[in-house]
Amino acid sequence: MAYEPVLTRFFGGFEAQDLDHALAHGVYEGARKALAMDPAQVIETVKASGLRGRGGAGFPCGAKWGFIPKTDRPRYLLVNADESEPGTFKDRALIERDPHTLLEGTIVAAHAIGCETAYIYIRGEFAYGARVLERAIQQARARGLLGEGIFGQRGRRLEVHVHRGAGAYICGEETGLISSLEGDRGYPKLKPPFPAVEGAWRCPTIVNNVETLCNVPWVFTRGVAWYRSMGTEKSPGPKVYGLSGHVNRPGLYEGPLGLPLKELIYSDEFGGGVPGGRALKAAIPGGVSMPVLTPAEVERCRMDFESPREFDSLLGTAGVICMDETVCMVDALWNILRFFHHESCGQCTPCREGTGWIEKLVSRIEGGEGAEGDLDTLLAVAEGMCGRTICVLADAAAWPVYKGFVKKYRPEFEDHVRERRCTVRGRGA
Ligand SMILES: Cc1cc2nc3c(=O)[nH]c(=O)nc-3n(C[C@H](O)[C@H](O)[C@H](O)COP(=O)(O)O)c2cc1C
Ligand code: SF4
């Protein structure tokens with residue numbers, strides 16, 4: 001199926017870092033249209049488009065903007081460019097290849113919520129992306145698109161600052177991000193209050209993902225009907241998909257939401273199938289916290305916010321990780337759990353202790369030292385971690401265990417315990 005790329009239209013090079021190139025291709029036209037509308041109208045338009053957040057949870061963007069209270073206090077927009085979820089690498093590419101569309105979406109969002117100061121919180125390791133953004137901001141300021149009197153409108157201002165993060169996964173969680181931006185440790189906070197009511201410096205704050213804001217201008221340049229012509233009723237619009245692992249053509253691909261996962265992995269337009277003609281053993285639909293899918297589930301799953309739920313999984317960031325038949329599921333899970341154990345901020349006991357316990361248990365099973373009963377203990381600990389903590393990192397660590405790997409590949413875990421070795425790759429005692 002031929003599909004017109006919009007979000008990734010500049011991915012062939014770096015020319016669009018330059019403002020003249022961006023302007024010549026219509027960037028900032030959407031902002032011009034939105035700034036001619038009332039903020040309430042802008043919010044209604046985004047609500048009508050059905051745009052859902054691309055940071056992982058799929059929360060409706062217009063509804064979130066609508067939660068901002070009318071107040072005299074400053075209102076902030078925080079652009080979440082922390083992107084630390086393994087398997088996810090779309091936002092950094094959008095920043096490096098198309099920084100002006102991100103600034104354009106930021107201008108529209110800021111207008112909608114009545115904000116004059118926005119921060120782009122970018123993962124510390126993305127030094128190049130931060131430099132690209134700084135330069136794009138300078139260019140936009142010099143042309144009157146940012147700063148005082150933007151777009152020639154007196155009294156209307158917007159300052160955008162780039163803030164480099166400290167390199168912790170938890171700083172991507174919106175309240176952790178706010179703590180980190182304020183200069184504290186990136187500790188998440190209990191919600192409510194939600195950031196829209198009380199966020200940065202205790203003022204109303206909207207946190208949006210990079211890709212979400214890159215979608216926004218298209219709603220205004222092409223219109224709501226065009227936006228809704230892609231994807232499904234509940235998940236409309238374009239999406240940047242990541243593909244990594246055992247696939248012939250790993251990379252970033254754009255398609256409508258709702259694309260069949262099978263098409264993404266196997267079609268020549270996208271992944272081109274599994275290398276060496278080997279069989280696919282499993283695929284993670286969207287960053288490692290999303291429960292893994294079996295080949296039979298891959299056949300039926302569509303990449304929207306609803307379909308993966310049928311298989312006890314979620315779309316997440318739509319960064320797909322493919323695993324072929326040579327992969328040991330115990331080893332793959334251990335790898336994921338090492339990450340979450342390392343990244344737990346330690347505030348909540350079920351997460352601090354739980355991530356350590358489940359990692360240890362899986363490491364023991366993979367090393368051929370698993371005991372009978374370990375699998376049941378593993379499942380019990382994982383399930384006990386859910387819904388009891390300040391943020392969902394604990395759930396994100398537990399889901400791959402009890403909704404994914406152990407649930408769907410249990411015989412492989414049992415073989416490891418019985419044989420006292422890795423039965424896929426022959427390692428262990
Ligand atoms: C542990 C954790 C890490 C997260 N990391 C990111 C991230 O790196 N980037 C991101 O956009 N959202 C991340 N999120 C989701 C944010 O909390 C928030 O929902 C999102 O930025 C909202 O933007 P959206 O509505 O535009 O999707 C993370 C959430 C959790 C629980
Ligand atoms: S769930 Fe984990 S990461 Fe989240 S606040 Fe609690 S300890 Fe920190």
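Start at 1 and go down the list; that is how both ligands and their atoms are numbered. Position 1 is the first residue of the sequence; numbering continues from there. Computed from a predicted model, the values in this text were never measured in an experiment. The figures that follow rest on heavy atoms only: side chains count, while hydrogens, waters and symmetry mates do not.
- Between atom 8 (Fe) of ligand 2 and Cys348 there is no N/O/S contact shorter than 2.8 Å.
- Between the side chains of Tyr76 and Thr117, no donor-acceptor pair is found at a separation under 3.5 Å.
- Distances shorter than 4.0 angstrom occur between a heavy atom of Gln347 and an atom of ligand 2.
- Of all the listed residues (Val392, Asn80, Ile206, Thr212), Asn80 holds the heavy atom that lies closest to atom 21 (O) of ligand 1.
- Using a 4.0 Å cut-off between heavy atoms, Val392 makes no contact with ligand 2 at all.
- Note: an N/O pair closer than 3.5 Å links Gly55 and ligand 1 by distance alone.
- Classified by interplanar angle (parallel below 30°, tilted 30° to 60°, perpendicular above 60°), the ring pair Tyr119/Trp201 is tilted.
- Within the coordination shell of atom 4 (Fe) of ligand 2, defined by N, O or S atoms under 2.8 Å, Cys391 is present.
- Contact atoms of ligand 1 toward Asn208: 23 (O), 24 (P), 25 (O), 26 (O) (distance under 4.0 Å to a heavy atom of the residue).
- An N or O contact shorter than 3.5 Å is missing between Tyr169 and ligand 1 by distance.
- The side chain of Pro188, and not its backbone, has at least one atom closer than 4.0 Å to an atom of ligand 2 (non-hydrogen atoms only; side chain from C-beta on).
- For Trp334 and Phe340, the ring centers sit 6.0 Å or farther from each other.
- Distances from atom 30 (C) of ligand 1 to the heavy atoms of Arg123, Glu173, Glu83, Arg52 put Glu173 nearest.
- Under a 4.0 Å criterion applied to the non-hydrogen atoms of Ser84, ligand 1 contributes the atoms 8 (O).
- No more than 12 heavy atoms of other residues, nucleotides or ligands lie within 6.0 Å of NE2 in His342, so this atom counts as exposed by the packing criterion.
- For ligand 1, the polar-atom distance check against Lys64 finds a nitrogen or oxygen pair separated by under 3.5 Å.
- Distances from atom 11 (O) of ligand 1 to the heavy atoms of Thr88, Ile178, Asn209 show the closest one on Asn209.
- Residues Tyr169 and Phe339 place their aromatic rings such that the two centres sit under 6.0 Å apart.
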